[in-house]
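Here is the structure we will look at.
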Amino acid sequence: MQKINELQLAKELIRFPSVTKTDAGVIKFLEKKLKKIGFKTKILEFKDKNSYPVKNLYARLGTASPNFCYAGHLDVVPPGNLNDWTVNPFKPAVKKGYLIGRGANDMKSSIAAFVTAVGNFSKKNKKFGGSISLLITGDEEGIAINGTKKVVEYLRKRKEKIDFCLVGEPTNPNKLGEMIKIGRRGSMTGKLSIIGIQGHVAYPNKANNPSTALVQILKKLKEVKFDKGTKDFQPTNLEITKINIDNSADNVIPGLASASFNIRFNNKHTSYKLKNKINKVIKQICSKNKSKYKIEYSVSGEAFLTKPNKTTFMIQNTIKKITKIKPKLSTTGGTSDARFIRKIAPCLEFGLVGKTMHKVGECVSLSDLKRLTLIYTKILDNYFK
């Protein structure tokens, strides 16, 4: 069996410029690594006529139950201005105890840590009572239509059972061991267009300014108190993200005004109920202003909470023993692919410190990388005891 080193593997993965939409060969590379450990693998490429094709990887070591799964993504966000980096973001380098490169933090190093952990575990446990699997996507940072969502559908159809899933996203704000994510808020974006009647500003009675209704709607939506939060979640919050009136003249009342908003909501709500609530506000104000409107919604995920069980507490205690910090069970932050996986298995998220994710100079502490590998190894030891 090939010996795997987490730092070396992280470097190898970072060298692939796998910016979302571009696989760059990284999925095939990881597949070869996993085969050498003993995994049975399958590359799953999904296509959709309205979106780009995505390569995903599902690999499993063993056939027995229980099946402990690790989920992660190999796609990364664009590096930004290359001149602002101290190294080429796809030629990783170690400086002052940190590995620098795009994906070092989010989340190629976490994948390298888990693969190394599996290598360490399987070397000591030639026969263990269960299976270890990896669900790796190439589209978490993008629209995620042909990524983990489709893999979950594939596994469900095949009746492939996952008993517990650990998602390796960078969950810690400042120090390794601070935080485990056991749920996520839902996320919904609304794109609103108000259709008025264009005219001369000197004759407002002959026009209908759509901005009047738009401003009133946005003001009303910002004033809505959706809830006060729950024991596990922050209060639901709506933020206006775009306002646009495409008008090049100051003496013309525009015929169209638009805006976008995003709402992050807790498990007191569903996207369906929120749409109804928002639509009532829009309809009422547009009716009053005699304006027509168009509203389009996109939902990237519903709010969910994984009720802590014995595996959750085992992982929490394992992290505490190694980091000397008891991690908080949290639902903060944005969305992740856990929103898809939770439909077929209980899951939680734990990975590296997320301070530099998506930033220029993205990096990971070598000490944290080594400790995360140890944490993942001990989790496997304890899970299969």
Side-chain angles (χ1 to χ4, degrees), residues 27 30-31 34-35 37-46 54-74 107 110-111 113-115 117-119 121-122 125 127-140 144-169 171 180-184 301-302 304-316 318 329 331 335-351 375-385:
I27 291 281
L30 182 61
E31 182 191 37
L34 294 175
K35 280 183 174 179
I37 301 175
F39 279 87
K40 288 186 177 180
T41 65
K42 189 169 183 63
I43 291 178
L44 301 162
E45 184 170 355
F46 298 109
V54 174
K55 283 187 174 72
N56 306 276
L57 174 64
Y58 182 71
R60 183 164 175 168
L61 181 66
T63 57
S65 294
N67 179 7
F68 185 93
C69 181
Y70 171 91
H73 63 90
L74 283 169
M107 57 172 286
S110 174
I111 292 172
F114 189 80
V115 173
V118 176
F121 172 80
S122 58
N125 302 273
K127 292 181 180 180
F128 62 97
S131 302
I132 300 169
S133 58
L134 284 93
L135 193 170
I136 307 295
T137 185
D139 187 24
E140 192 272 348
I145 291 172
N146 294 317
T148 301
K149 184 178 182 180
K150 290 276 178 72
V151 179
V152 166
E153 291 170 7
Y154 167 85
L155 295 175
R156 183 182 272 163
K157 285 177 183 176
R158 283 175 53 90
K159 297 182 179 178
E160 180 90 4
K161 182 173 172 55
I162 293 173
D163 293 276
F164 196 89
C165 184
L166 169 62
V167 183
E169 289 284 355
T171 56
I180 291 170
K181 299 287 177 73
I182 59 167
R184 294 279 188 164
E302 300 288 342
F304 72 93
L305 179 71
T306 300
K307 188 176 180 180
N309 59 20
K310 64 178 183 179
T311 303
T312 309
F313 297 125
M314 177 274 286
I315 290 173
Q316 188 180 40
T318 301
L329 302 180
T331 60
T335 58
S336 78
D337 277 2
R339 69 189 189 273
F340 304 126
I341 299 163
R342 59 100 182 183
K343 294 178 180 179
I344 60 169
C347 60
L348 60 74
E349 302 172 55
F350 182 77
I375 288 167
Y376 285 165
T377 305
K378 292 295 183 184
I379 286 172
L380 293 174
D381 285 338
N382 292 331
Y383 186 79
F384 291 107
K385 267 185 181 175

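Along the sequence shown, residues are numbered consecutively beginning with 1.
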What's the separation between atom CG in Asp337 and atom CD1 in Ile136, rounded to the nearest 0.5 Å?
10.5 Å
Could you go step by step and tell me if Glu349 and Ser336 meet the side chain to side chain contact (heavy atoms under 4.5 Å, CB included) rule?
CA-CA 9 Å; Glu349 302 172 55; Ser336 78; 3.0 Å; yes
Closest contact, heavy atoms only, Ile111 versus His73
CD1-O, 3.4 Å
Report the C-alpha distance between Ile341 and Ile162 in whole Å, list the side-chain angles of each, state the deciding distance to 0.1 Å, and finish with yes or no for side chain to side chain contact (heavy atoms under 4.5 Å, CB included).
CA-CA 9 Å; Ile341 299 163; Ile162 293 173; 5.5 Å; no
Not counting sequence neighbours, which residues clear side-chain contact (heavy atoms from CB on, under 4.5 Å) with Arg342? List them please.
Glu302, Phe304, Cys347
Rounded to the nearest 0.5 Å, what separation is found between the SG atom of Cys69 and the CG atom of Leu155?
8.0 Å
What are the two closest non-hydrogen atoms of Arg339 and Ala144, and how far apart are they?
NH2-CB, 3.9 Å
Nearest heavy-atom pair of Gly147 and Val54: which atoms, and what distance?
CA-CG1, 4.4 Å
Who passes side-chain contact (heavy atoms from CB on, under 4.5 Å) against Lys35, sequence neighbours left out?
Glu31, Thr41
If the condition is ring-ring contact (aromatic ring centres under 6.0 Å, His included), which residues does Phe114 pass it with, not counting sequence neighbours?
Tyr70, Tyr376
Does the Ser110 side chain pair with the main chain of Gly351, one donor and one acceptor, at a distance under 3.5 Å?
no
So, taking the atom named CG in Leu30 and the one named CG in Leu134, what distance separates them when rounded to the nearest 0.5 Å?
7.0 Å
State, with a plain yes or no, whether a side-chain heavy atom of Thr312 is found less than 4.5 Å away from one of Gln316.
no
Is there side-chain contact between Leu305 and Thr331, with heavy atoms separated by less than 4.5 Å?
yes
Could you tell me whether a side-chain N or O of Asn56 sits under 3.5 Å from a main-chain N or O of Asn146, the two making a donor and an acceptor?
yes
Rounded to the nearest 0.5 Å, what separation is found between the NZ atom of Lys310 and the OH atom of Tyr383?
8.5 Å
Just by distance, do the side chain of Arg60 and the backbone of Gly62 share a donor-acceptor pair under 3.5 Å?
yes
For the rings on Phe384 and Phe121, is their centre-to-centre separation under 6.0 Å?
yes
Check whether any side-chain heavy atom of Pro346 sits under 4.5 Å from a side-chain heavy atom of Thr311, and report yes or no.
no
Check step by step if side chain to side chain contact (heavy atoms under 4.5 Å, CB included) holds for Leu57 and Leu74.
CA-CA 10 Å; Leu57 174 64; Leu74 283 169; over 6 Å; no
Side chain to side chain contact (heavy atoms under 4.5 Å, CB included), paired with Phe340, selected from Thr137, Val152, Val151, Leu135:
Val152
Short side-chain to backbone donor-acceptor contact, Ser131 and Ala64, under 3.5 Å:
yes
Exceeds 12 heavy-atom contacts within 6.0 angstrom, atom NZ of Lys150:
yes
Is it true that a side-chain atom of Asp163 and a backbone atom of Asn67 form a donor plus acceptor pair closer than 3.5 Å?
yes
Sub-4.5 Å side-chain heavy-atom contact between Ile379 and Met314
yes
Closest approach of Val167 and Ala338, non-hydrogen atoms and distance?
CG2-CB, 4.2 Å
Which distance, rounded to the nearest 0.5 Å, do you find between the SG of Cys165 and the CD1 of Ile344?
7.5 Å
Gap separating the CD1 atom of Ile145 from the CZ atom of Phe46, nearest 0.5 angstrom:
13.5 Å
Worked verdict on Ile315 versus Phe164 for side chain to side chain contact (heavy atoms under 4.5 Å, CB included):
CA-CA 12 Å; Ile315 290 173; Phe164 196 89; 3.9 Å; yes
Find out whether Val118 and Phe39 are in side-chain contact, i.e. whether some heavy atom of one side chain is under 4.5 Å from a heavy atom of the other.
yes
